[in-house]
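Numbers restart at 1 for each chain; the letters A, B, ... are given by sequence-line order, proteins then strands. Everything numeric in this text was worked out from a predicted model, so none of it was measured.
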Amino acid sequence: MDKLMLIDGNSIIYRAFFAMPPLTNSSGQQTNAVYGFTTMLLRLLEEHKPTHILVAFDAGKITFRHKGYEDYKGGREKTPPELSQQFPLLKELLTAFGIAQFELDGYEADDIIGTLSKTADEAGFNVLVVTGDKDMLQLASDHVTVGLTRKGVTEVETYGPEQIQERYGLKPLQIIDLKGLMGDTSDNIPGIPGVGEKTALKLLHQYGSVEEVLAHTDELKGKMKERVETHADDARMSKELATIYRDVTLDKQLEDVVFSGLRAETAGPALAKLEFKSLLERLSLAGEVGSAGADVEEATADVTVLDEQRISELVEVLDHVDVLHVETHGDNPHHAEIVGLIFAAAGRQFFMTMDVLQSEAGTPVREWLAAPERKKRGHDLHRTDLALHWHGIEFAGAEFDVQLAGYLLDPTDANQTLSGLAAKYGLSSIRPDDEVFGKGAKYKVPDVDVLSDHVARKAAVIEALVPVQQAELEKTEMHKLFHELEMPLSRILADMEKQGILVNVEELRGLGKEFEAQIATLVGEIYSIAGVEFNLNSPKQLGEILFDKLGLPVIKKTKTGYSTDAEVLEKLAPYHDIVQNILQYRTIAKLQSTYVEGLLKEISEKTGKVHTYFRQTVAATGRLSSQFPNLQNIPIRLEEGRKIRKVFVPSEPGWSILAADYSQIELRVLADISDDERLKEAFVHDMDIHTKTASDVFGVQAEDVDSNMRRSAKAVNFGIVYGISDYGLSQNLNITRKEAARFIDQYFDVFQGVRRYMDDIVKDAKRDGYVKTLLERRRYLPEINASNFNLRSFAERTAMNTPIQGTAADIIKLAMVQMDAALRKRSLRSRMLLQVHDELVFEVPPEEIETMKELVPTIMEAALKLSVPLKAEVSYGSNWYEAK
DNA sequence: AGCTTCACG
DNA sequence: ACGTACGTGAAGCTA
């Protein structure tokens, strides 16, 4: 049976605030009311196990009740700041718990609760209303129970019609009459002076209602008669004020308040942030994995350290390996050392070092590692794969990676280490690696007993995590995304990285020579103009020269001093010749240090190639990132830098580099998810989207769009994708905020579907606490309801941007999985080498060029069916530069 | 280690 | 009034 719990947020937090002793977190923020509220909430969850929950808050200062009676709640003390500061904390915590909350301008929490309890009652729910306010007893019915807090908030006493009868001798609705007669000083409801609970009850037991009492004043006597007659209007008005309005129009449906248990991956951190340690421990998620926690302790008790003789003990149970963990050292997985391996199998744990694995006796284990049908569960199997590969050991069959699962469950959590995951899921703790091994130069592998114990704990935690995360992935509908996209992709990425891309070193050194000469000239000129030599790479020294010595106007400041970024320098260029030289120096120096010297350092001695590492668990939107070296930011916009691309060449003679990129994928995704007719039509006809936007926004024919209009429209389109703000657009276009705001308004007037999307997605985020992509990838936005304007605005822009950027990321990932399958199926020799967000780069033998020219864009365009076509453009050449 | 700058999508 | 455009990684300087 469905059970709805409706909580009167204001009433409970108020009571909690006054009932709880002051409690402050380490940053000095008082948290006692949130703590009291949460304690009560957790107790209610355990006791009542609701399927639906809503916490209602009062909104705005003026409710419809004030319209008839201006003094309503007049006598009330102003909310103390120590309490009002706690509202945002509570709202943030509720969001993290996955509990819906709601407020509506002009209405009190009572009315929202009254309305929803009625709806739910009619829909056959059992309803529990939780409040500190006796008025709410009027809501009770056969299926609606009212819980009143007693003694602060620690206990809740529940009332149905029977209990109300027992306590007051009244029907639930007569509570309103009771209030009408006796009033309520806390809400400044007058009632009849001199009539308290006792008298009011006596009157009601005799006459039944305020109206009946007033109709029979002749039967009353003396002072009482006089009072009732003089204050008849007060009584009627008081009754009206006390009546909870049960027919508010809400855009809140019962399905919006479904509660499917505390959301473990966000509830834990949110409680930790508030420093509610005792609650963290008693939290149901700790209970949920409590037995797993015990298993961790047990599993680590028995670790067998294998040598060449004893390796057979593991070989015998290889069929039953539950978890594999390879402990590595080093940031770059291509160069990672392997400290040791641990296998959890048949309730035992087996540890070995690399020399054992690589010995003759290790052969069956190596075969097991290489067998794709032998499924592996572990942490960061992508890294494991690469590390083993460079040690001459092949790896296949990754089935469940707890790091990748942790990332999907909360992509913004930077700590996806096992130690972090263990803490988050309330498992037995793992010491941080830094502490066990030491960090940086102090890194040292400890004795084998310490080491094997440490990694055994890791294996045990992985084993405990797998079922918990699997359940969470199912609950959040991300299991398909995980098993069918991210897990397969991790193997594909590893393959691309092992393959690497060949660098023409002579060509790169040649470019380095050219840059070196240019830098020397520029530096000489700059020093001579400045009249002194200084460190050009120091923004501080450069600032002193420009602003103190040469007296140029200060355009912008940074935290630490003058800003000297390119935007500032552009504005300073007219004032002094030195500025242009500095800009040019910056450009070339960047190319030299990052792209010539940086790239040279990353070329593998073994292969002569660069083997980047695509990180699959860092970007909050679902994108990949690239490291060691970053091959996703190789210059292209300026010709000087673009030349760098010439050094990326095919690894076999006669082959070509082929690149295919999506055209306007983010705006096409926006067209699809916003369902904006105009935007969709633009893509159905494959128009130049910026020109089309300009023509629509400025109301001119497409052929009359000049370059300035197109440039503005392009900036607006970018802004839309980023989560538009007038300020951001004004900065980008160098116009005033007002003008930018006008552009945006005009844009939204034309693209009304986009406006609706932007409004709706922010609303959804405020309600759910997260946004998602077309493939159900989630991103939680805990700050979406923050009272701090900056934090909230940032979260709102993120809410707008993430579904767009994230869906585009989903699409190209799908294309990569499908591309990999197609290359295999057709036994093509072409190799996928790089992904650059909306672009895939391959090396292709000559006889496959024609095939790949067709195949790659075809697969990219069909990767996911949208309501607008996707478009991919392909080109190829003898190096990456030529593939344009 | 944190800041500033700048390369990419 | 509030002060930013979304997402990354690398290099060099400063404290």
Contact class for [X] vs. all strands (heavy atom < 4.0 Å): base, sugar-phosphate, or nothing?
X        : value
A:Asn535 : sugar-phosphate
A:Arg737 : base
A:Ser625 : sugar-phosphate
A:Ala620 : sugar-phosphate
A:Gly598 : sugar-phosphate
A:Ala715 : base

Nearest whole angstrom, please: distance from the [atom2] of [N] to the [atom1] of [X].
X        : N      : atom1 : atom2 : result
A:Leu631 : C:dT8  : CG    : C1'   : 13 Å
A:Phe628 : C:dA11 : CZ    : P     : 10 Å
A:Asn732 : C:dC6  : CG    : C1'   : 12 Å
A:Leu733 : C:dT4  : CG    : C1'   : 15 Å
A:Arg777 : C:dG7  : CZ    : P     : 15 Å
A:Lys556 : C:dT4  : NZ    : P     : 10 Å
A:Asn801 : C:dA5  : CG    : P     : 13 Å
A:Leu729 : C:dG3  : CG    : C1'   : 15 Å

Worksheet, complete the sentence: Given protein heavy atoms under 4.0 Å, the one-letter contact record of nucleotides 2-9 of chain B, with B base, S sugar-phosphate only and - none, is simply -SSSBBBB

Item to complete: Decide whether a cation-pi geometry holds between A:Arg778 and A:Tyr770; the criteria are a distance under 6.0 Å from NZ or CZ to the six-membered ring centre and an angle within 45° of the ring axis.
Response: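 Relative to the ring axis of A:Tyr770, which defines the angle, A:Arg778 lies inside both limits.
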
Fill in: Exam field: side chain A:His690 to backbone A:Arg710, donor-acceptor pair closer than 3.5 Å
no

Worksheet item: Where the side chain of A:Arg792 meets the backbone of A:Ile784, is there a donor-acceptor pair that is under 3.5 Å apart?
Response: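 Not at all, since once roles are kept as given, no pair shorter than 3.5 Å links the two residues.
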
Worksheet item: Does the ring center of A:Phe628 lie less than 6.0 Å from the ring center of A:Phe614?
Response: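 A:Phe628 vs A:Phe614: aromatic centres not under 6.0 Å.
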
Worksheet item: Between A:Tyr662 and A:His837, is the gap from one ring center to the other below 6.0 Å?
Response: no

Fill in: Atom pair CE/CE of A:Met816 and A:Met496 - distance to nearest 0.5 Å
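Atom-to-atom, A:Met816:CE and A:Met496:CE are 4.0 Å apart.
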
Discussion item. I need the A:Tyr747 OH to A:Arg755 CZ distance, nearest 0.5 Å.
Written reply: 11.0 Å

Practice prompt. Check the geometry between A:Phe794 and C:dT4 and answer yes if their rings are stacked (centres below 5.5 Å, planes below 30°), otherwise no.
Written response: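 No, A:Phe794 does not stack on the base of C:dT4, since the centre distance and plane angle fail the 5.5 Å and 30° test.
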
Response to the item:
Dot-bracket assigned to DNA chain C with the 3.5 Å Watson-Crick/G-U criterion, [ ] for crossing and | for other-strand pairs, is .....|||||||||.

Item to complete: Carefully, step by step, assess A:Gln632 and A:Ser626 under the rule side-chain hydrogen bond (donor to acceptor under 3.5 Å, both in side chains).
Response: CA-CA 6 Å; A:Gln632 290 182 322; A:Ser626 159; 4.9 Å; no

Discussion item. When the P atoms of C:dG3 and B:dA7 are compared, how many Å lie between them, rounded to an integer?
Written reply: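 Looking at atom P only, B:dA7 and C:dG3 are 29 Å apart.
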
Worksheet item: What integer number of Å spans the P atoms of C:dT4 and B:dC3?
Response: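 Result for the P pair: 14 Å, nearest Å.
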
Fill in: Residue mapping more 5' on DNA chain C - nearest nucleotide basis, A:Gln627 or A:Thr621
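Its nearest nucleotide lies further toward 5', so the answer is A:Thr621.
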
Fill in: Within-4.5 Å side-chain heavy-atom neighbours: A:His382 and A:Leu493
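They are in side-chain contact.
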
Discussion item. So, applying salt bridge (charged side-chain N to carboxylate O under 4.0 Å, His left out) with A:Asp565, which one of A:Lys556, A:Arg586, A:Lys557 is it?
Written reply: A:Lys556

